[in-house]
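In this text the structure is predicted, and so the values were computed from the model without any measurement. The chains referred to below are lettered A, B, ... by the order of the sequence lines, with proteins before strands, and numbering in each begins at 1.
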Number of protein chains: 2
Amino acid sequence: MLQHAPTLTRLVGELKKLPGIGERTALRLAFHLLKSPQNLGSLAEALVQVQERVCACSVCFALTEQDPCPICTGSRDSSVICVVETSQDMLALERSNAYHGSYHVLQGAISPLHGVNPDDLRIKELLTRIEQGTVEEVVIATNFTVEGETTALYLARQLKPLGVRVTRLAHGIPLGSDIEFVDPATVQWAMKGRSEL
Amino acid sequence: MLQHAPTLTRLVGELKKLPGIGERTALRLAFHLLKSPQNLGSLAEALVQVQERVCACSVCFALTEQDPCPICTGSRDSSVICVVETSQDMLALERSNAYHGSYHVLQGAISPLHGVNPDDLRIKELLTRIEQGTVEEVVIATNFTVEGETTALYLARQLKPLGVRVTRLAHGIPLGSDIEFVDPATVQWAMKGRSEL
């Protein structure tokens with residue numbers, strides 16, 4: 001039947017490109033959308049609007065609809081920059097409500113295996129921001145993965161000569177977890193980083 | 001951050017309306033689309049095309065881009081009609097390659113609990129097709145659920161007085177399953193429907 005509806009085949013193909021969505025889910029989503037033409041229309045419209053309006057902030061490279069973004073222009077503490085890999089990571093930090101400085105989105109992490117070199121990231125732009133002289137601390141919040149750690153070490157080496165304080169997020173046991181089931185490497189980090197009670 | 005990108009919030013909201021997609025997945029999909037503007041554009045375009053071109057066949061009510069659909073106008077055996085609940089069910093039957101007749105999509109199943117009565121389905125249109133006199137057999141392929149069974153029994157009662165043969169799909173052990181793990185009701189059906197070897 002689908003071969004008689006090429007637009008439907010195309011929609012299924014487009015949905016399949018999304019992460020975590022296979023053939024069956026794509027079909028289910030497509031039929032669901034067909035059953036509710038209103039949702040279908042507003043999803044299409046939302047996609048077009050996002051495409052037209054969302055861009056990267058020219059200062060911190062976070063996704064935004066105003067350039068520079070409200071965090072860069074607002075009343076945030078501009079003497080601290082938190083460096084993250086992606087806008088999603090920045091969103092997670094914002095949700096925590098624990099940080100009130102500015103951000104810098106690298107748009108990725110160093111990963112020679114995937115052909116991502118330091119030059120492919122927004123590192124040059126970060127260094128330029130720091131050279132302007134108002135930044136006192138850079139909090140590195142790259143992911144705690146091989147790529148993230150590599151990026152963190154690379155950044156630290158680039159940043160320290162600029163006379164800025166370089167810190168990074170603590171590593172340890174996550175909230176709500178049973179130590180029995182935490183992986184040994186995390187326990188090691190937690191032990192190394194233990195503090196006075 | 002999202003509060004500064006209302007179009008992104010809207011896209012996440014639209015994605016969340018899809019079945020099986022929660023807040024986190026919607027966010028992940030939205031960011032994924034933002035990273036590949038080409039995919040974003042073609043998904044939006046595919047949605048618009050589907051909305052413009054896909055309709056229900058005026059004969060069998062399957063989703064199609066030509067009316068009547070290629071199955072209704074093609075060289076299929078029009079003396080047999082297979083009655084299904086949805087276009088997806090029809091697609092599953094087509095995939096099996098076991099049926100070469102025509103179809104009738106009810107667009108749902110009788111479910112008083114959900115306010116779906118026989119009048120809400122395409123039953124009147126099915127009866128009209130049969131009254132034209134060329135149909136010899138109606139294969140009922142509604143789902144094997146309370147709603148599907150109710151619909152099957154209702155249809156059988158409506159169809160038999162019209163002098164047409166009414167059959168339904170066999171119920172039993174599905175292919176590849178270990179009898180140990182098949183639910184008792186299915187085993188009962190399989191036992192009742194056993195055949196000579």
How many angstroms lie between CG in Leu47(A) and CG in Leu43(B), if you round to the nearest 0.5 Å? 5.0 Å

Indicate if Leu106(A) and Tyr154(A) have the same hydrophobic cluster label, given that clusters are the connected sets of ILVMFWY residues with side-chain heavy-atom separations under 4.5 angstrom. yes

Just verifying a value: how many Å separate Leu8(A) CG and Arg53(B) CZ, rounded to the nearest 0.5 Å? 12.0 Å

Side-chain (Glu65(B)) to main-chain (Thr7(A)) donor-acceptor, under 3.5 angstrom: yes

Is there a path of hydrophobic side-chain contacts, each under 4.5 Å between heavy atoms of I, L, V, M, F, W or Y residues, that connects Val12(A) with Leu34(A)? yes

Kindly compute the distance separating CD (Gln38(B)) from NZ (Lys17(A)), expressed to the nearest 0.5 Å. 7.0 Å

Relative to chain B, which segment of Leu11(A) carries a heavy atom at a distance below 4.5 Å: side chain, backbone, both, or neither? both

Nearest-0.5 Å distance, CG of residue Asn39(B) to CG of residue Leu15(A): 11.0 Å

Is there a path from Ile110(B) to Leu127(B) through hydrophobic residues (I, L, V, M, F, W, Y) whose side chains come within less than 4.5 Å of each other? yes

First locate atom CD of Gln88(B), then atom NZ of Lys35(A), and finally report the distance between them rounded to the nearest 0.5 Å. 6.0 Å

CZ of Arg10(B) to CD of Glu45(A): how many Å apart, nearest 0.5 Å? 4.5 Å

So if I apply the side-chain contact (heavy atoms from CB on, under 4.5 Å) rule between Leu18(A) and each of Thr25(B), Leu33(B), Ile21(B), which one comes out positive? Leu33(B)

Looking at Leu40(A), is its backbone amide N or carbonyl O close enough to the side chain of Gln51(B) to form a donor-acceptor pair, meaning the two atoms are under 3.5 Å apart? no

So which of Ala44(B), Gly13(B), Ser42(B) has the biggest tally of heavy-atom pairs under 4.5 Å with chain A? Ser42(B)

Would a single hydrophobic cluster contain both Val105(A) and Ile71(A), if residues Ile, Leu, Val, Met, Phe, Trp and Tyr are joined by side-chain heavy-atom contacts under 4.5 Å? yes

Interface moiety of Leu93(A) toward chain B, non-hydrogen atoms closer than 4.5 Å: neither

Do you reckon Leu121(B) sits in the same ILVMFWY cluster as Val84(B), going by side-chain contacts under 4.5 Å, direct or chained? no

